[in-house]
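The structure appears below as structure tokens.
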Amino acid sequence: MTSSVGDRIRAQDGHLHVPEHVIIPFIEGDGVGPDIWAASQRVFDAAVQRCHGTSRSVVWKEILAGEKAFKETGEWLPQETLDAIKEHVVAIKGPLTTPVGKGFRSLNVSIRQILDLYACIRPVRWLKGVPAPVKHPERMNVVIFRENTEDVYAGYEWPSGSEEARDLMEFLRIRLGVGLREDTALGLKPMSKWGSKRLIRKAIRYSLERKRRSVTLVHKGNIMKYTEGAFRDWGYELAREEFASGTVSEDDLYSEYEGKVPPGKVVVKDRIADNMLQQLLTRTEEYDVLAMPNLNGDYFSDAAAAQVGGLGMAPGANIGDTTAVFEATHGTAPKYTGMDKVNPCSLILSGVMMFEYLGWQEVADTVVSAVEETISQGIVTYDLARMLEGAKEVKTSAFADAVIGNMDKA
């Protein structure tokens, strides 16, 4: 931070108005959160200063959630924190723990649902020098759009033997003729046309704006025909109704264009989820932007990240119509708390996404180039060191030092 005075971002008519000295709230997170946040903040400030001197800066505003919030306020997710995120439009956070015990929903899920951050966006690509378990990690360059507010994560479920489960089973038996074992636990999988379409709309818009090649709807509609199958159908319907001039379906591509994509068009196609997990490995380069329901998106985000270095290298963001929260995608790793040990790249690269979102592209590019240079020099934290022959294993803070030192080479 190069200035103690800043102003907040304002969102108007779908556009961000970002001041030169911008206030951004942060949640440092639980477990390893303080370590990776301290490292990441130094990297962010150094990149902004290198690119803009004193003409631009980020004024960091700490807000509380998780264990630190509970110790100081008695609440795991204070209303003041949610209000601050809404007021400032953009925020960034480390990993948060979920309190142990019945009745507590994941804090991460709560933030997404309360603030209606309906699109979880996870770009997955290989950075030069990162060790990977596949032969050609450079072929991976996808952006996953995961619906964030519906599906099984909506949280409607009842335990086996509960009065609620028995009542619902009785209703299902009498009204719908559905017979279930008495010891069955029940859950609902709500997926709306409105919720699915707004996620797919954001994915298609992203693809058109970034000149990506395709949007693939990933679903299990061969089994769940009226939820995931509908997600697929609603996606094609949306493309026809709202993006006819910018998209072409895969069927039309071959029936009308002999398989050759017309200039400026994004191909909209679909794949069944289990087959897509295979194709993500075997035909990686054929895929670009992936749009999918909540649970599928959870699986695919981690599976894709595994091909390019793991969750330590995986950035993410939760974005709604007016608010965005960027976050490390891994957990709190409590056994490493305070050890200055873990890889901060998930949070650093989430910051890259944040700077791109703000329109500060030079800052984002500077960070990525410096991270790549550092890893190519074999300077890595323990998670990558064990996979990289001849690596120099360093602590979290020392990795940040090396990244900052390499910014002059960016």
Side-chain angles (χ1 to χ4, degrees), residues 119-128 132 134-147 191 193-294 296-297 299-301 303-308 356:
C120 178
I121 303 175
R122 299 272 295 271
V124 185
R125 67 184 180 94
W126 182 70
L127 296 186
K128 184 177 64 175
V134 295
K135 291 182 178 180
H136 294 286
E138 73 281 358
R139 293 177 182 173
M140 172 71 75
N141 186 359
V142 301
V143 183
I144 295 172
F145 279 70
R146 167 191 174 191
E147 202 290 318
M191 289 175 58
K193 183 176 185 178
W194 178 80
S196 298
K197 276 192 168 184
R198 66 175 181 170
L199 180 278
I200 298 166
R201 182 181 296 113
K202 190 175 282 288
I204 293 177
R205 282 179 177 164
Y206 176 96
S207 300
L208 291 168
E209 290 168 359
R210 305 294 183 96
K211 301 186 186 309
R212 307 289 294 210
R213 295 173 290 116
S214 65
V215 174
T216 304
L217 309 169
V218 182
H219 61 93
K220 191 61 179 168
N222 58 327
I223 303 299
M224 291 169 278
K225 301 182 187 301
Y226 303 122
T227 50
E228 303 216 2
F231 180 89
R232 167 195 181 275
D233 295 342
W234 293 330
Y236 281 123
E237 180 181 285
L238 176 78
R240 289 192 303 269
E241 293 176 350
E242 298 185 20
F243 299 97
S245 63
T247 64
V248 58
S249 72
E250 189 173 40
D251 286 345
D252 288 347
L253 179 66
Y254 288 97
S255 64
E256 299 181 19
Y257 298 99
E258 298 180 342
K260 298 177 181 178
V261 182
K265 295 272 190 176
V266 169
V267 179
V268 178
K269 52 190 176 181
D270 74 277
R271 297 291 184 269
I272 293 173
D274 46 343
N275 179 45
M276 187 62 202
L277 281 169
Q278 174 184 244
Q279 296 209 17
L280 201 60
L281 276 167
T282 61
R283 300 166 68 172
T284 315
E285 65 278 8
E286 294 182 18
Y287 297 96
D288 197 341
V289 173
L290 311 177
M292 60 191 76
N294 207 336
N296 290 341
Y299 296 152
F300 272 86
S301 296
Q307 292 181 221
V308 293
E356 290 176 337

Looking at residues at least two apart in the chain, or sitting in another chain, which of them share a side-chain contact (heavy atoms from CB on, under 4.5 Å) with Lys193? Lys197, Trp234, Glu237
Measure across Val268 and Thr247 and return the closest heavy-atom pair with its distance rounded to 0.1 Å. CG2-CB, 3.9 Å
Nearest-0.5 Å distance that lies between atom NZ in Lys265 and atom OG in Ser245: 6.5 Å
Backbone N/O of Arg213 and side chain of Asp288: donor-acceptor pair under 3.5 Å: yes
Search all heavy atoms of Val289 against all heavy atoms of Ser207 and return the closest pair with its distance. CG2-OG, 3.3 Å
Rounded to the nearest 0.5 Å, the CE atom of Met292 sits from the CD1 atom of Ile200 at a distance of 11.0 Å
List the steps, then state whether side-chain contact (heavy atoms from CB on, under 4.5 Å) holds for Arg201 with Phe243. CA-CA 9 Å; Arg201 182 181 296 113; Phe243 299 97; 3.9 Å; yes
How long is the straight-line distance from CD1 of Ile121 back to NZ of Lys202, given to the nearest 0.5 Å? 6.0 Å
Would Lys220 count as a cation-pi partner of Phe231, with NZ or CZ less than 6.0 Å from the six-membered ring centre and within 45° of the ring normal? no
Shortest non-hydrogen separation from Leu277 to Ala303 and the atoms involved: CD2-CB, 4.1 Å
Kindly state each residue pair satisfying ring-ring contact (aromatic ring centres under 6.0 Å, His included) with at least one member in residues 194-225, sequence neighbours excluded. Phe145-Tyr206
Under the 3.5 angstrom rule, does the side chain of Arg146 hit a backbone N or O of Asn294 as a donor-acceptor pair? yes
Please check if the side chain of Lys225 supplies one atom and the backbone of Asn222 the other of a donor-acceptor pair under 3.5 Å. yes
Which heavy atom of Leu208 sits nearest a heavy atom of Gly264, and at what distance? CD2-O, 4.3 Å
Reported CD-to-CZ distance for the pair Gln278 and Arg283, which is rounded to 0.5 angstrom: 9.0 Å
Would you please test Val266 and Ile204 for side-chain contact (heavy atoms from CB on, under 4.5 Å) and show each step? CA-CA 8 Å; Val266 169; Ile204 293 177; 5.7 Å; no
Check this for me: Tyr236, atom OH, are more than 12 non-hydrogen atoms of other residues, nucleotides or ligands nearer than 6.0 Å? yes
With rounding to the nearest 0.5 Å, note down the distance linking OG in Ser249 to CD in Glu256. 7.5 Å
Taking the side chain as every heavy atom from C-beta outward, state whether Asp270 and Glu250 have any pair of such atoms under 4.5 Å apart. no
Once rounded to the nearest 0.5 Å, what's the spacing between atom CE of Met276 and atom CG of Leu217? 11.0 Å
Side chain to side chain contact (heavy atoms under 4.5 Å, CB included), paired with Leu290, selected from Asn296, Val143, Thr216, Val215: Thr216
Verify the neighbour count for atom CD of Glu241: are there more than 12 heavy atoms of other residues, nucleotides or ligands below 6.0 Å? yes
For Ile144 versus Ala304, what's the shortest heavy-atom pair and its separation? CD1-CB, 4.2 Å
Taking ring-ring contact (aromatic ring centres under 6.0 Å, His included) as the cut-off, I'd like each qualifying pair that reaches into residues 248-267, sequence neighbours left out, listed once. none
For Arg125, I'd like to know if atom CZ has over 12 heavy atoms of other residues, nucleotides or ligands within 6.0 Å. no
Criterion side-chain contact (heavy atoms from CB on, under 4.5 Å) on Thr284 and Gln307, from CA distance to verdict: CA-CA 10 Å; Thr284 315; Gln307 292 181 221; 4.0 Å; yes
How far apart are the closest heavy atoms of Lys269 and Ser214, and which atoms are they? CE-OG, 3.7 Å
Pair Leu280-Met140, side-chain contact (heavy atoms from CB on, under 4.5 Å): steps then yes or no: CA-CA 8 Å; Leu280 201 60; Met140 172 71 75; 4.0 Å; yes
Within a strict 4.5 Å, meaning less than it, do heavy atoms of the Arg212 and Asn141 side chains meet? yes
